[in-house]
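First comes the structure, then the notes that go with it.
Each ligand, and each atom within it, is numbered from 1 in the order the structure gives. Note that these values count all heavy atoms, side chains included, but never hydrogens, waters or copies made by symmetry.
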Amino acid sequence: MTAADNDKPSINNGNPRHIAIIMDGNGRWAQKRLMPRIMGHYAGVKAVRKIVEYCAKQNIEVLSLFAFSSENWRRPQDEVSLLMELFMNTLQSEVDKLDKNNIRLKIIGDKSAFPEKLREKIATAEAQTAQNDGLTLLIAANYGGRWDITQALRQIVAGVKSGEIEEQDISEQLVNQYLVTAELPEPDLFIRSGGEERISNFLLWQLAYTEFYFTDALWPDFDQLALEKAIGSFKGRQRRFGHTGEQVIDNRVL
Ligand code: IPE
Ligand code: IPE
Ligand code: MG
């Protein structure tokens with residue numbers, strides 16, 4: 001997406017085309033109930049199902065969910081292993097349903113750190129849903145915004161070295177094409193549950209002009225109503241992309 005593309009209305013019926021969510025608060029949700037943290041992650045998966053279903057019905061084009069950050073390896077080893085197991089089992093149990101609902105699944109992040117078995121499951125699930133043209137569901141796993149920009153840089157440098165890319169052709173648009181979100185619209189609405197107000201190394205480049213929405217709701221409690229509230233807040237905002245307020249009418253640049 002170029003700066004010029006940003007000037008185009010990035011909305012469908014006033015809805016955001018791309019919603020990106022940091023699903024935070026699973027651990028605290030469980031701890032509040034005196035349960036082990038992993039129970040919060042299980043409950044979090046249920047919330048994911050509902051939100052995915054809702055976005056698919058509302059014709060949202062892209063939903064990006066932060067499931068595991070490149071920093072989450074720092075957690076206690078048993079939580080990390082259980083999260084990996086949950087990820088693998090969920091992938092396996094949900095892929096047919098996603099496919100039936102015309103949802104295209106893509107896992108973004110540094111997959112090289114995952115066990116071979118998980119990488120195979122990811123590749124199979126992506127291939128099974130690759131032709132679907134409904135909602136694109138991006139699951140960010142071992143993802144970091146800095147990693148994304150770094151891997152793009154590596155590819156560009158390799159391209160320059162091999163002569164495929166001319167140095168003078170390096171532009172914002174070109175960098176964009178090497179990010180894991182290439183070809184997709186940039187997020188219109190960013191939501192973080194769990195009360196913290198930070199990006200935690202999510203889509204750094206892509207969030208440049210995104211509208212931010214924070215809620216104290218812990219992720220397992222985040223439901224359709226909570227999402228509708230966030231979308232309602234989004235609809236009430238004027239996106240200016242550098243223009244003055246007077247230049248923008250109904251989210252269109254005059
Ligand atoms: C988000 O919930 C899920 C992951 C990071 C995997 P947390 O596990 O961070 O929940 P809190 O922030 O500890 O409550
Ligand atoms: C961000 O949540 C990552 C995910 C939701 C997957 P964290 O709970 O890991 O973020 P910090 O460490 O509190 O910023
Ligand atoms: Mg957290």
Side-chain angles (χ1 to χ4, degrees), residues 18-52 55 62-94 105-115 118 121-122 125 136-151 179-181 187 189-207 210-223 226-227 230:
H18 181 171
I19 302 177
I21 308 183
I22 296 190
M23 311 181 289
D24 197 19
N26 292 349
R28 279 165 286 161
W29 182 93
Q31 284 161 339
K32 256 174 61 182
R33 287 163 179 75
L34 307 177
M35 298 193 294
R37 292 176 54 85
I38 190 70
M39 298 305 284
H41 298 312
Y42 293 152
V45 173
K46 287 190 190 160
V48 169
R49 269 193 211 106
K50 290 193 189 134
I51 296 306
V52 170
C55 287
V62 187
L63 174 66
S64 302
L65 300 175
F66 207 3
F68 191 87
S69 76
S70 42
E71 289 73 35
N72 285 145
W73 298 104
R74 298 172 184 161
R75 295 189 174 202
Q77 220 217 305
D78 50 340
E79 181 169 343
V80 171
S81 318
L82 285 168
L83 275 169
M84 287 296 141
E85 211 180 292
L86 178 62
F87 182 38
M88 192 139 110
N89 293 340
T90 310
L91 206 60
Q92 187 152 315
S93 64
E94 301 297 315
L105 177 70
K106 271 190 81 177
I107 310 299
I108 56 167
D110 183 2
K111 293 170 236 183
S112 69
F114 293 145
L118 178 54
K121 286 236 153 53
I122 290 173
T136 294
L137 176 61
L138 295 184
I139 303 287
N142 193 22
Y143 179 86
R146 289 177 179 173
W147 165 81
D148 196 1
I149 295 166
T150 307
Q151 66 80 29
L179 297 172
V180 291
T181 49
L189 172 61
F190 163 94
I191 300 170
R192 182 171 185 144
S193 64
E196 315 295 348
E197 301 191 350
R198 52 180 175 252
I199 303 185
S200 299
N201 198 15
F202 198 22
L203 301 156
L204 296 179
W205 173 285
Q206 296 87 339
L207 291 171
T210 304
E211 297 296 325
F212 281 53
Y213 181 89
F214 299 99
T215 169
D216 286 336
L218 301 173
W219 177 252
D221 296 326
F222 191 90
D223 56 9
L227 181 54

**Asked** Charged N to carboxylate O under 4.0 angstrom, Asp24 versus Arg192?
**Response**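 Salt bridge present between Asp24 and Arg192.
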
Between [X] and [Y], what is the shortest heavy-atom contact and its length?
{"X": "Trp29", "Y": "Gly40", "answer": "CE3-CA, 3.8 Å"}
{"X": "Asn201", "Y": "Ser70", "answer": "ND2-OG, 3.7 Å"}
{"X": "Ala113", "Y": "Trp73", "answer": "CB-CZ2, 4.0 Å"}
{"X": "Leu83", "Y": "Ile38", "answer": "N-CD1, 4.2 Å"}
{"X": "Phe214", "Y": "Glu197", "answer": "CE2-CA, 3.4 Å"}
{"X": "Gly25", "Y": "Pro220", "answer": "O-CD, 4.1 Å"}

Distance, nearest 0.5 Å, that separates [atom1] of [X] from [atom2] of [Y]:
{"X": "Phe202", "Y": "Thr210", "atom1": "CZ", "atom2": "OG1", "value": "10.0 Å"}
{"X": "Lys106", "Y": "Ile122", "atom1": "NZ", "atom2": "CD1", "value": "12.5 Å"}
{"X": "Phe222", "Y": "Asn26", "atom1": "CZ", "atom2": "CG", "value": "12.5 Å"}
{"X": "Lys32", "Y": "Arg28", "atom1": "NZ", "atom2": "CZ", "value": "10.0 Å"}

[X], portion touching ligand 1 at heavy-atom distance under 4.0 Å:
{"X": "Arg75", "answer": "side chain"}
{"X": "Asn72", "answer": "side chain"}
{"X": "Met23", "answer": "backbone"}

Those atoms of ligand 2 less than 4.0 Å from some heavy atom in [X]:
{"X": "Phe68", "value": "6 (C)"}
{"X": "Arg198", "value": "11 (P), 13 (O), 14 (O)"}
{"X": "Ile22", "value": "1 (C), 5 (C)"}
{"X": "Asp24", "value": "2 (O), 8 (O)"}

**Request:** With heavy atoms of His41 as the reference, note each atom of ligand 1 found under 4.0 Å away.
**Result:** 3 (C), 6 (C), 8 (O)

**Request:** Could you establish whether Gly25 and ligand 1 come within less than 4.0 Å of each other, counting only heavy atoms on the residue side?
**Result:** yes

**Contact check, Arg37 vs ligand 1, heavy-atom distance below 4.0 Å** =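 Judged by the 4.0 Å heavy-atom criterion, Arg37 does count as contacting ligand 1.
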
**Request:** Give a yes/no on ligand 2: does Arg74 have at least one heavy atom closer than 4.0 angstrom to it?
**Result:**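 Contact absent.
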
**Message:** For ligand 1, which is the ligand I care about here, please tell me if Trp29 has any N or O atom under 3.5 Å from one of the ligand's N or O atoms.
**Reply:**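 No, no N or O pair falls under 3.5 Å.
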
**Asked** Can you find an N or O of Ala67 that's nearer than 3.5 Å to an N or O of ligand 1?
**Response** no

**Prompt:** Polar-atom distance check: Glu196 versus ligand 2, any N or O pair below 3.5 Å?
**Reply:**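 Among all N and O atoms of Glu196, none is under 3.5 Å from an N or O of ligand 2.
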
**Asp148 vs Ile108 side-chain heavy atoms within contact, under 4.5 Å** = no

**Asked** Ignoring water, what protein N, O or S atoms are under 2.8 Å from the Mg ion (ligand 3)?
**Response**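 You should have found Asp24 OD1.
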
How far is [atom] from the closest protein heavy atom, and which atom is that?
{"atom": "atom 11 (P) of ligand 1", "answer": "Arg28 NE, 3.5 Å"}
{"atom": "atom 10 (O) of ligand 1", "answer": "Gly27 N, 2.9 Å"}
{"atom": "atom 2 (O) of ligand 2", "answer": "Arg192 NH2, 3.7 Å"}

**Request:** Check the angle between the aromatic planes of Phe190 and Phe212 and answer parallel, tilted or perpendicular using the 30° and 60° thresholds.
**Result:** tilted

**Message:** Counting only heavy atoms, tell me which of Phe66, Trp219, Tyr143, Phe202 gets closest to atom 3 (C) of ligand 2.
**Reply:** Phe66

**Request:** For atom NZ of Lys46, decide whether the heavy atoms of other residues, nucleotides or ligands shown that lie under 6.0 angstrom number more than 12.
**Result:**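 Counting other residues, nucleotides and ligands, NZ of Lys46 stays at 12 neighbours or fewer.
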
**Asked** Between Asn142 (side chain) and Asp110 (backbone), is there a donor-acceptor pair under 3.5 Å?
**Response** yes

